[in-house]
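Below you'll find the structure, written out as structure tokens, and then a few comments.
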Amino acid sequence: MNADLMNKVAVVTGATSGMGRVIAADLVRTGAHVVTIARDPARADALRAHLGPQAANRLEVVTGDLSRRSDVVASAKTIADRHDEIHVLVNNAGAHFPEHRVSVDGVEMHIALDHLAAYGLTALLDGPLRRGRARVVNVASDTLNDTRQIKLLSRPRPATLDLTDVDDLAELNPANGFVPFEAYARAKLMTVTAGYALARDLAADGVTVNALHPGIVATGIVDDLVPPVLRPARTLIRRTMLTPADGARTAIRLATDPALAGVTGRYFNRDTESSTPPVSHDRDTQEKLLALSRAHFAERVR
């Protein structure tokens with residue numbers, strides 16, 4: 001059962017394709033006014049067409065590239081200027097990059113898009129989220145619990161996050177020794193780790209922050225994650241995966257289910273509450289990550 005979102009404001013990132021498109025459409029159908037941030041206006045127009053003429057007026061598009069610090073800041077300001085309260089924030093935008101790439105801000109792209117975009121919007125929309133007693137939902141990946149691409153006889157290998165001597169997030173996922181799958185998993189681990197700390201801070205104002213693994217969904221990200229040895233069978237593999245609609249179900253539930261009101265600081269593997277690596281619960285790591293993430297955005301807003 002979904003909560004009544006009539007005339008409520010929901011911000012959904014990555015809404016022009018895949019799971020995000022399903023999430024945005026579902027929230028619009030429940031009566032929400034959905035705001036999304038889109039890099040490509042043509043894809044935003046396609047989303048409007050998908051929603052149909054009766055629902056399209058409940059979709060608001062802000063133009064921006066979430067891998068760019070300046071665009072995250074500008075998009076958050078635009079949204080906050082237009083909406084005094086936000087009731088749902090689904091940080092769904094993300095990508096896997098098979099080669100080492102650096103954002104315009106000098107940060108490795110997994111860190112920029114899969115962690116900093118989610119952190120930045122949550123932090124920069126702090127006031128409207130608190131006033132709306134919002135639900136913040138971060139779409140993660142269970143690669144954070146196991147970075148093996150082929151899971152046969154060896155033991156699970158959780159993602160690592162050692163911030164001991166890190167002074168800038170640009171130092172993480174360097175080109176030297178870069179492993180794309182591990183870089184992706186580390187960025188998702190960062191989002192969950194920061195989310196646990198943000199959940200504690202925001203709880204006093206009724207804001208909840210939860211993360212989820214949607215399952216193995218047939219998306220472009222999964223295509224990139226298929227090991228080279230299995231790529232000839234990629235079409236067959238995709239047939240065994242969840243559809244975007246299946247994958248979106250947990251995010252929608254966390255955003256709308258009345259039974260989950262007040263539930264915060266949790267990680268769900270699909271519909272089951274699950275655990276994450278011990279480092280994600282380490283308070284020192286959480287606080288160091290928040291400080292580094294704040295510093296990244298402070299450089300822009302000074």
Side-chain angles (χ1 to χ4, degrees), residues 13-14 20 37 39 64-76 91-124 138-149 157-198 211 213 219-228 276-277 279-280 282 285-301:
T13 66
I37 302 164
R39 186 179 57 199
D65 179 345
L66 290 174
S67 72
R68 304 171 65 102
R69 174 173 53 205
S70 60
D71 282 18
V72 174
V73 173
S75 296
N91 288 308
N92 168 71
H96 174 266
F97 301 92
E99 297 177 352
H100 189 269
R101 290 177 55 188
V102 175
S103 75
V104 295
D105 305 302
V107 178
E108 192 273 325
M109 282 293 284
H110 289 104
I111 305 295
L113 185 57
D114 294 328
H115 165 62
L116 282 170
Y119 166 81
L121 287 177
T122 305
L124 294 166
N138 294 321
V139 178
S141 165
D142 212 51
T143 55
L144 59 85
N145 276 315
D146 191 357
T147 61
R148 295 173 303 157
Q149 285 185 275
R157 189 172 61 239
T160 59
L161 182 60
D162 184 359
L163 301 178
T164 306
D165 297 314
V166 176
D167 296 317
D168 191 307
L169 290 182
E171 299 169 25
L172 295 180
N173 290 352
N176 185 30
F178 182 75
V179 179
F181 197 68
E182 293 180 6
Y184 172 76
R186 180 172 296 111
K188 292 298 189 182
L189 175 62
M190 291 168 68
T191 290
V192 172
T193 301
Y196 290 149
L198 290 169
H213 168 58
T219 64
I221 289 179
V222 168
D223 283 343
D224 285 340
L225 296 179
V226 173
T276 55
V279 68
S280 65
D282 180 77
T285 300
Q286 291 174 0
E287 292 307 320
K288 179 73 177 285
L289 178 57
L290 287 185
L292 291 169
S293 302
R294 280 194 297 266
H296 174 81
F297 287 99
E299 292 177 17
R300 178 66 191 177
V301 298

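Everything numeric in this text was worked out from a predicted model, so none of it was measured. One is the number of the first residue; the rest follow in order along the sequence.
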Next on the checklist: Quick check: closest heavy atoms across N145 and P277, and the distance to 0.1 Å?
Outcome noted: OD1-CD, 3.2 Å

Checklist entry - For atom CZ of R148, is the number of surrounding heavy atoms from other residues, nucleotides or ligands below 6.0 Å larger than 12? => result yes

Next on the checklist: Measuring only between side-chain heavy atoms, which start at C-beta, is V192 closer than 4.5 Å to N138?
Outcome noted: no

Checklist entry - Which heavy atom in F181 sits nearest to a heavy atom in T147, and how many Å separate them? => result CD2-O, 2.8 Å

Checklist outcome for this item: Rounded to the nearest 0.5 Å, the NZ atom of K188 sits from the OG1 atom of T276 at a distance of 14.5 Å

Checklist entry - Parallel, tilted or perpendicular: which fits the ring planes of H100 and F178, with parallel below 30° and perpendicular above 60°? => result perpendicular

Item to check | Heavy-atom closest pair, residues Y196 and S280 | outcome: CD1-O, 3.3 Å

Checklist outcome for this item: Rounded to the nearest 0.5 Å, the CZ atom of R294 sits from the CG atom of L289 at a distance of 9.5 Å

Checklist entry - Under 3.5 Å, side chain of N92 to main-chain N/O of T13, donor-acceptor pair present? => result yes

Checklist outcome for this item: Output for pair (L144 CG, D142 CG), nearest 0.5 Å, gives 5.5 Å

Checklist entry - What distance separates M190 CE from D114 CG, expressed to the nearest 0.5 Å? => result 10.0 Å

Checklist entry - What distance do E182 atom CD and T160 atom OG1 have between them, rounded to the nearest 0.5 Å? => result 7.0 Å

Checklist entry - For T122 and N91, what are the C-alpha separation, side-chain angles and deciding distance, and is it a side chain to side chain contact (heavy atoms under 4.5 Å, CB included)? => result CA-CA 9 Å; T122 305; N91 288 308; 3.3 Å; yes

Next on the checklist: Working note: D71 + L66, criterion side chain to side chain contact (heavy atoms under 4.5 Å, CB included); need CA distance, chi angles, decisive distance, verdict.
Outcome noted: CA-CA 6 Å; D71 282 18; L66 290 174; over 6 Å; no

Item to check | Student check: side-chain heavy atoms of L172 and L163 closer than 4.5 Å | outcome: yes

Next on the checklist: Give me the atom names and distance for the closest heavy-atom approach of A112 to S67.
Outcome noted: CB-O, 3.8 Å

Show the atom names and distances, to 0.1 Å, of all donor-acceptor pairs under 3.5 Å that link a side chain in residues 103-110 to residues at least two apart or in another chain.
from	atom 1	to	atom 2	distance (Å)
S103	OG	D105	N	3.1
S103	OG	V107	N	3.3
S103	OG	V107	O	3.2
D105	OD2	R69	N	2.8
E108	OE1	H110	N	3.1
E108	OE1	I111	N	3.3
E108	OE1	N173	ND2	2.8
E108	OE2	H110	N	3.2
E108	OE2	H110	ND1	2.7
H110	NE2	F97	N	2.9

Checklist outcome for this item: Shortest non-hydrogen pair, A95 vs Y184, comes out as O-CD1, 3.5 Å

Checklist entry - If you take all heavy atoms of F297 and L116, which pair is closest and at what distance? => result CZ-O, 3.4 Å

